[in-house]
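Each remark here refers to the structure printed beneath this line.
Below, chains carry the letters A, B, ... as their sequence lines are ordered, and counting in each starts from 1. Given the structure is predicted, the values throughout are model-derived calculations rather than measurements.
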2 protein chains.
Amino acid sequence: MSYRAQEIAANLRKARLAKGISQRELSDLSGVPQAQISRIEASSVDPRATSLLALAHALEMELALVPRKALPAVRMISKQTSGQDSKALGQAVKEWNRISERLRILQMESPALDAVKRLQKSFADLQRFQVQFAAPESLKRLRQALEKIKEPLTQPEALSRSQDLMRNLSKELAQSTELAHSDERVRPAYSLDEDDDA
Amino acid sequence: MSYRAQEIAANLRKARLAKGISQRELSDLSGVPQAQISRIEASSVDPRATSLLALAHALEMELALVPRKALPAVRMISKQTSGQDSKALGQAVKEWNRISERLRILQMESPALDAVKRLQKSFADLQRFQVQFAAPESLKRLRQALEKIKEPLTQPEALSRSQDLMRNLSKELAQSTELAHSDERVRPAYSLDEDDDA
DNA sequence: TATTTTAATGTATTTTAAGATATCAATTTC
DNA sequence: GAAATTGATATCTTAAAATACATTAAAATA
């Protein structure tokens with residue numbers, strides 16, 4: 001299996017984790033059996049074009065043939081959450097989705113609580129950050145705090161703890177993205193020397 | 001065979017013709033049998049990843065997994081001479097290469113002729129244009145004129161005819177590229193709304 | 001016009017992905 | 001701590017790509 005083939009396989013896995021879905025869910029979406037997805041992601045098979053395309057499409061991606069010279073530019077544009085630790089990314093996305101869901105339910109159950117509304121708002125504001133910069137643990141703690149909020153407020157501290165954790169998360173994200181962007185060059189995202197040989 | 005699979009196959013063919021090589025040459029370069037290349041280009045098979053990669057690499061291209069949203073931008077960057085008539089493109093490139101070769105030989109055979117030097121120079125200047133905008137017939141006529149130039153100048157008109165044809169070609173290319181670029185918008189090549197959902 | 005090149009197609013054989021199913025260990029969840 | 005989920009494997013069958021040839025029609029070339 002060539003290096004590029006492995007790279008494509010690795011990117012498929014990353015894309016799946018970035019969507020926070022399991023191989024079985026992707027199997028349902030794409031029609032490719034879970035066992036086969038496992039083999040493909042592990043680069044233990046040489047997949048057919050249609051298999052790659054089925055998976056790519058289920059992940060809202062495309063397989064494109066690009067000039068080698070344009071590859072760096074293409075990479076920049078696709079910004080494939082690259083280099084990121086796949087596992088942590090997957091966990092982060094998963095937690096993120098669970099928090100969203102939890103907040104949605106909380107608002108259904110306790111429409112009277114203004115604090116919930118504010119939590120919802122704060123969280124929505126964090127959408128603009130890239131989830132992958134959040135530590136899965138921070139997200140998990142926040143989720144667990146949110147899950148302790150129940151209508152007869154037997155544990156009023158759950159609310160304030162949620163608020164604290166939400167603030168921390170916000171800070172954490174702000175710092176991480178700041179760091180992540182600090183090494184971005186000023187040069188344009190791509191510069192193609194407009195050649196077209198021949 | 002899905003639409004995207006066909007698109008990839010079509011692009012492989014275009015890339016091959018753009019390099020002006022035959023299926024057999026590509027076969028030698030890539031290790032993929034000529035018969036198989038024919039079937040792949042015709043989308044009559046569902047190729048394996050390694051087959052696509054072998055062909056792509058021999059054509060100095062890469063197979064990249066890109067977010068669907070980024071596809072238009074990627075297409076713009078790779079500027080796949082799309083919509084172009086593959087056949088004409090192939091012929092043009094071929095003629096182009098033959099003219100280059102002919103001029104090289106002419107300069108070896110008749111280093112004294114200044115006219116040849118000038119022809120060589122003019123032709124080199126045309127490199128900056130995209131070959132595919134040249135009509136294969138114009139190129140062919142120029143080549144044929146060049147082939148009539150022989151050291152004991154029995155046909156002196158061959159030289160002046162070559163010069164005329166070279167001038168015409170130059171004009172033709174200038175006009176075509178002007179036309180081809182006239183609909184280019186001023187907006188940046190891509191605008192990615194930096195989302196990363198999740 | 002004769003010759004060569006090119007691309008497509010046919011056939012037979014080998015190799016291997018795909019698919020269906022089941023299982024299993026390791027997490028994760030409740 | 002029991003139950004569910006997840007990813008990786010194993011087995012078996014089927015379908016199809018890959019390969020090595022051979023052949024042909026059309027086009028390009030001499």
Quick one: [X] [atom1] to [N] [atom2], roughly how many Å, whole number?
{"X": "B:Lys140", "N": "D:dT29", "atom1": "NZ", "atom2": "P", "value": "6 Å"}
{"X": "A:Gln23", "N": "D:dT6", "atom1": "CD", "atom2": "P", "value": "10 Å"}
{"X": "A:Glu147", "N": "C:dC30", "atom1": "CD", "atom2": "P", "value": "7 Å"}
{"X": "B:Glu95", "N": "D:dT29", "atom1": "CD", "atom2": "P", "value": "7 Å"}
{"X": "A:Arg16", "N": "D:dT5", "atom1": "CZ", "atom2": "C1'", "value": "13 Å"}
{"X": "A:Ile40", "N": "C:dA17", "atom1": "CD1", "atom2": "P", "value": "10 Å"}
{"X": "A:Asp46", "N": "D:dA17", "atom1": "CG", "atom2": "P", "value": "13 Å"}
{"X": "B:Leu55", "N": "C:dA7", "atom1": "CG", "atom2": "C1'", "value": "15 Å"}

A:Arg48 or B:Ser38: which one's nearest nucleotide on DNA chain C is closer to the 5' end?
B:Ser38
Salt bridge flag under 4.0 Å for residues [X] and [Y]:
{"X": "A:Lys117", "Y": "A:Asp114", "result": "yes"}
{"X": "B:Glu7", "Y": "B:Arg4", "result": "yes"}
{"X": "B:Lys148", "Y": "B:Glu157", "result": "no"}

My understanding is that only residues two or more places apart in sequence, or in another chain, count here; which of them pass salt bridge (charged side-chain N to carboxylate O under 4.0 Å, His left out) with B:Arg68?
A:Glu62
Residues forming a salt bridge (charged side-chain N to carboxylate O under 4.0 Å, His left out) with A:Glu147, sequence neighbours excluded:
A:Arg143
Writing each nucleotide of DNA chain D 5' to 3' as (, ), [, ], | or . by Watson-Crick or G-U pairing under 3.5 Å yields ||||||||||||||||||||||||||||||
Please examine the side chains of B:Val66 and A:Met61, heavy atoms only from C-beta on, and report whether any two atoms are closer than 4.5 Å.
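Result no, sub-4.5 Å side-chain heavy-atom pair not found.
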pair B:Ile40-B:Gln36: side-chain heavy atoms closer than 4.5 Å:
yes
Listed by chain and number, what are the side-chain contact (heavy atoms from CB on, under 4.5 Å) partners of A:Gln163, not counting sequence neighbours?
A:Ala115, A:Arg118, A:Leu119, A:Ser160, A:Arg167
Please check the phosphate of D:dT6 (OP1 and OP2 only) for any side-chain N or O of A:Arg13 closer than 4.0 Å.
no
Where the side chain of B:Glu41 is concerned, which of D:dA30, C:dA8, D:dA18 is the nearest nucleotide?
C:dA8
With sequence neighbours excluded, what pairs up with A:Glu137 under the side chain to side chain donor-acceptor pair (under 3.5 Å) test?
none
Please enumerate all protein N or O atoms sitting under 3.5 Å from an N or O of nucleotides 19-26 of chain C, with distances to 0.1 Å.
none

